[in-house]
Amino acid sequence: MTTSVHGPGPAEEAAGPPSRSPAPPRSRRALVAGSVGNFIEWYEFGVYGYFATVIAATFFTPEGGSEAEALVRTYASFALAFFFRPVGAALFGRIGDRVGRRPTLILVVLLMTAATTLIGLLPSYATIGAAAPWLLTLLRIVQGLSAGGEFGGAVALMTEFAPPGRRGLYGAWQSFTVALGLLGGAGVAALLATVLTGAQLGAWGWRVPFLLTLPMGLAALWLRLRLEETPSFRRRPGPAATTGAGGAGGAAAAPVGETVRAVALGAGRLMGWSAAGYTFLVVLPSYLQSVLDATFRQALIATVLANAGFAAAILPAGALSDRLGRRAVMVSGAVVAAVAAFPLLDLLQDPGAPAAAKGLAVCAAGAVVGLMAGPGPAMLAEMFPTRVRYTGLGLAYALASAVFSGCAGLIITEAVARTGDVDIPAYYVAVTCAVSALALATLRGDDHRRALRA
């Protein structure tokens, strides 16, 4: 049985096959408006990861500092933004559960766009000295706050507008735009690495992907301004109905303890997705360069292939979870990732292995992560009632991201440096995915057939 903050009630459907109906125009608009903001968020986070070595040299290398120290500081800044995600999830989730999904999503896309654009304009360490890394870190904090508010709102928007029987597919678009964002960031980085010299890339080329966020953010703002509020939020119990068991509306508020337990369990269920996703899709370029002596272009090509496999698997996995259930699809992904982590790394470390085999392997690794990422958003939405959904699912995701995604680069880089063990990424993925599989096994098999909780 799944742990949730609200037991089965009259709002739930009978556990029969979910009916499917054509998506109305407002559902499609919600899908696009939720997706575009999420794309921007992950495009930027991907770009930061792909240009980690360049950013390290630009902002974190004072005279006399080593490249390894600078890279660790860059990943520390990367991790710091992730640790502000739970704060953003709690802050904006509370606003979104009280005021509405639409106005909150407008606010978070404005903050994300402004912070990312300003990163592209920041002066370097050579220009303003120690203020440069501090300003970069401040902007990363703002990004972390807004990103924390983005996920919960986007998933609530997509799943609450989803037609019957398509919640897994609609929620999967959140993960799909993660893949598109990371793939878009990798594509832009690869293009710049191809057309610019190393000196040009380090001097100004790395700024271009950050500045491209401005027009994308304006497009996202326009789309969200045209949104309606979700049907679930409009039908939610009023304040009097959530004050307690004796409230005028007759509906008790979700107990805080149950909400906290559901958030913790949700984070555990996402652990494997977060760890494997960032290891294979974002940290891989720096690992290939610093540990396996790959070139910047080779590392980016590998990352593009991994993200292509990830993107290709997400929507089919979400749709499959609407038929087979979230548990079957997500447990399969976590188990395969845990089992395949060491063979994958052994193949990448083998200098005699054909390049085509390595490319196919990283593409398959991305696809395995997609099996977890596709059904993941709908799985989280089904764990919380409407009045705490934005906050609850946002916090669960943000906590998993902060600990297992944001720290992936820092943990792997530092552990490899201290131990000399180049298999550290495989240990990290195998352990987290094994634990995640156990948490996912507690899911109820028929959650995909039930209506979202009121």
Hey, do the aromatic rings of [X] and [Y] have their centres closer than 6.0 Å?
X: Phe384; Y: Tyr390; result: no
X: Phe151; Y: Tyr397; result: yes
X: Trp42; Y: Phe310; result: no

Which value, rounded to the nearest 0.5 Å, describes the distance between [X] atom [atom1] and [Y] atom [atom2]?
X: Phe92; Y: Leu111; atom1: CZ; atom2: CG; value: 5.0 Å
X: Lys358; Y: Leu344; atom1: NZ; atom2: CG; value: 11.0 Å
X: Ser332; Y: Leu440; atom1: OG; atom2: CG; value: 10.0 Å
X: Met271; Y: Leu399; atom1: CE; atom2: CG; value: 11.5 Å
X: Leu169; Y: Ile314; atom1: CG; atom2: CD1; value: 12.0 Å
X: Leu214; Y: Thr113; atom1: CG; atom2: OG1; value: 7.5 Å

Would you check, one step at a time, whether the test side chain to side chain contact (heavy atoms under 4.5 Å, CB included) holds for Val435 with Arg269?
-> CA-CA 8 Å; Val435 175; Arg269 288 170 175 170; over 6 Å; no

Between Ile411 and Tyr428, does a side chain to side chain contact (heavy atoms under 4.5 Å, CB included) hold up when you go through it step by step?
-> CA-CA 9 Å; Ile411 291 171; Tyr428 187 66; 4.1 Å; yes

Decide, yes or no, whether a salt bridge links Arg389 with Glu160 under the criterion of side-chain N to carboxylate O below 4.0 Å.
->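 Counted as a salt bridge, because a side-chain N and a carboxylate O are separated by less than 4.0 Å.
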
Presence of salt bridge, Arg444 and Asp447, under 4.0 angstrom | yes

Hey, can you tell me if Trp206 and Phe210 have their rings parallel, tilted or perpendicular (30° and 60° cut-offs)?
-> perpendicular

Checking Thr117 side chain against Ala114 main chain: does a donor-acceptor pair fall under 3.5 Å?
->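 Not at all, since once roles are kept as given, no pair shorter than 3.5 Å links the two residues.
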
Over-ring placement of Arg326 relative to Trp273, 6.0 Å and 45° cut-offs = no

Any chance you could lay out the salt bridge (charged side-chain N to carboxylate O under 4.0 Å, His left out) test for Glu150 and Arg85, step after step, and finish with the verdict?
-> CA-CA 9 Å; Glu150 173 67 31; Arg85 284 187 172 206; over 6 Å; no

Search all heavy atoms of Gly184 against all heavy atoms of Tyr43 and return the closest pair with its distance.
-> C-CD1, 3.9 Å

Can you check whether [X] reaches [Y] side chain to side chain, under 4.5 Å on heavy atoms?
X: Leu380; Y: Leu270; value: yes
X: Ile119; Y: Arg140; value: yes
X: Thr177; Y: Val36; value: no

After noting the C-alpha distance and the side-chain angles of Arg167 and Leu452, does the key distance pass the side chain to side chain contact (heavy atoms under 4.5 Å, CB included) rule?
-> CA-CA 9 Å; Arg167 197 159 57 231; Leu452 289 175; 3.7 Å; yes

Pair Leu122-Phe59, side chain to side chain contact (heavy atoms under 4.5 Å, CB included): steps then yes or no = CA-CA 9 Å; Leu122 272 183; Phe59 292 100; 3.9 Å; yes

